[in-house]
Amino acid sequence: MSTERRAPLDRRRVADAALRLLDEVGLEGLTLRAIAKELDVKAPALYWHFKDKQALLDEMATEMMRRMAAELTADPETPDADWRETLFRRMSGLRAHLLRHRDGAKVYAGTRFTDLSYAEPMEANLRTLVEAGFAPDAAARAWFTAYSYTIGFVIEEQAMGPDPATGTGGYDLDARADRLAAHPLAAESGRVVFQNRDRGFEAGLRAVIAGVAATLL
């Protein structure tokens, strides 16, 4: 019989296991029972830490934020960086983190963080904008606009596939074009919207930032 002692069960350990399992089963397949099995504990043990699945999602999103915050601290911006490039880089980093997990953007969106790990990254983003000449309320609107674009883009990106675990699935663009043959502009838009996601994200984010500069600065 093994005498090896397991680490005590706590919120962070559960969230870490949930994020690993998320990559295998997706958000729909993620249940407290499945996470308990992953941790080799009984399901009721998890209810000491999380009253329901939403409480767990809040902690998972917070753990994702902790990891992002750690990387931001380890890789600070150069002091003389233009605010546009700083905002672009930080939103690109957010997207990269969300893409590390299957359905990562769905987990992240609409949750309530369980600690203040988000505060310093948010403060850094807003400080960059205020120091560039934005009024505080305009800085908040500018940041939230770029943030909302990023979250929304990744939700759609992950929903449309392909499946990150298998590389299969995704939108059949030829079939879509056939269905929309009577609507040539709509048909052709699929090549723009559903291909070259990196380039599409970057082009859209540049447009958002340009709009922010034109209307809020």
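Nothing fancy with the numbering, it's 1 onward along the sequence.
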Do [X] and [Y] belong to the same hydrophobic cluster, where Ile, Leu, Val, Met, Phe, Trp and Tyr are linked whenever their side-chain heavy atoms lie under 4.5 Å apart, directly or via other members?
X	Y	answer
Tyr47	Leu21	yes
Val212	Val130	no
Trp48	Leu39	no
Phe113	Phe144	yes
Leu126	Leu217	yes

- Task: Looking only at non-hydrogen atoms, find the nearest pair between Leu98 and Gln158 and report the distance.
- Result: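 Looks like O-NE2, 3.2 Å.
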Salt bridge check, [Y] against [X]: does any charged N sit closer than 4.0 Å to a carboxylate O?
X	Y	result
Arg197	Glu202	no
Glu63	Arg67	yes
Asp137	Arg141	no
Asp198	Arg95	yes
Asp23	Arg100	no

Separation of [Y] [atom2] from [X] [atom1] (nearest 0.5 Å):
X	Y	atom1	atom2	result
Met64	His97	CE	NE2	9.0 Å
Glu157	Thr150	CD	OG1	10.5 Å
Arg90	Met68	CZ	CE	13.5 Å

- Please examine the side chains of Arg20 and Glu38, heavy atoms only from C-beta on, and report whether any two atoms are closer than 4.5 Å.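 In short, these two side chains touch, coming nearer than 4.5 Å.
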- Item | Sub-4.5 Å side-chain heavy-atom contact between His183 and Ser189 |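 A side-chain contact under 4.5 Å is absent here.
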- Query: What orientation do Tyr147 and Tyr108 show, parallel under 30°, tilted 30 to 60°, or perpendicular over 60°?
  - Reply: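 Geometry flag for Tyr108 against Tyr147: tilted rings.
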- Message: Tell me whether the rings of Phe153 and Phe201 are parallel (<30°), tilted (30 to 60°) or perpendicular (>60°).
- Response: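 It falls in the perpendicular class, over 60°.
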Look at the side chain of [X] and the backbone N and O of [Y], then say whether any donor-acceptor pair between them is shorter than 3.5 Å.
X	Y	answer
Asn196	Arg199	no
Glu188	Ala177	no
Lys106	Gly26	no
Asn125	Pro121	yes

- For Leu57 and Leu27, run side-chain contact (heavy atoms from CB on, under 4.5 Å): C-alpha distance rounded to whole Å, both residues' side-chain angles, the deciding distance at 0.1 Å, then the answer. CA-CA 10 Å; Leu57 293 176; Leu27 185 55; 3.8 Å; yes
- Message: Show, in sequence, the C-alpha distance, side-chain angles and deciding distance for Arg12 and Asp16, and conclude whether the side-chain contact (heavy atoms from CB on, under 4.5 Å) test is met.
- Response: CA-CA 6 Å; Arg12 196 159 184 174; Asp16 185 62; 5.8 Å; no
- Task: Check the pair Leu46 / Leu9 against side-chain contact (heavy atoms from CB on, under 4.5 Å), numbers first and verdict last.
- Result: CA-CA 9 Å; Leu46 302 187; Leu9 196 64; 4.0 Å; yes
- Under the side chain to side chain donor-acceptor pair (under 3.5 Å) test, residues paired with Asp52 that sit two or more places apart: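 For Asp52 there are no side chain to side chain donor-acceptor pair (under 3.5 Å) partners, ignoring immediate neighbours.
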- Non-neighbouring partners of Arg112 that pass side chain to side chain donor-acceptor pair (under 3.5 Å), sequence neighbours left out: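 So Arg112 forms no side chain to side chain donor-acceptor pair (under 3.5 Å) with any residue.
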- Task: Just do the side-chain hydrogen bond (donor to acceptor under 3.5 Å, both in side chains) check on His49 and Glu59 with the steps written out, would you?
- Result: CA-CA 10 Å; His49 302 283; Glu59 188 64 30; over 6 Å; no
- Assess whether side-chain contact (heavy atoms from CB on, under 4.5 Å) is satisfied between Thr86 and Asp82, documenting all intermediate values. CA-CA 6 Å; Thr86 297; Asp82 180 77; over 6 Å; no
- Message: Assess, by modelled atom type and distance only, whether the side chains of Thr62 and Arg11 contain a donor and an acceptor separated by less than 3.5 Å.
- Response: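 No, because no side-chain N or O of Thr62 sits under 3.5 Å from a partner of the opposite role on Arg11.
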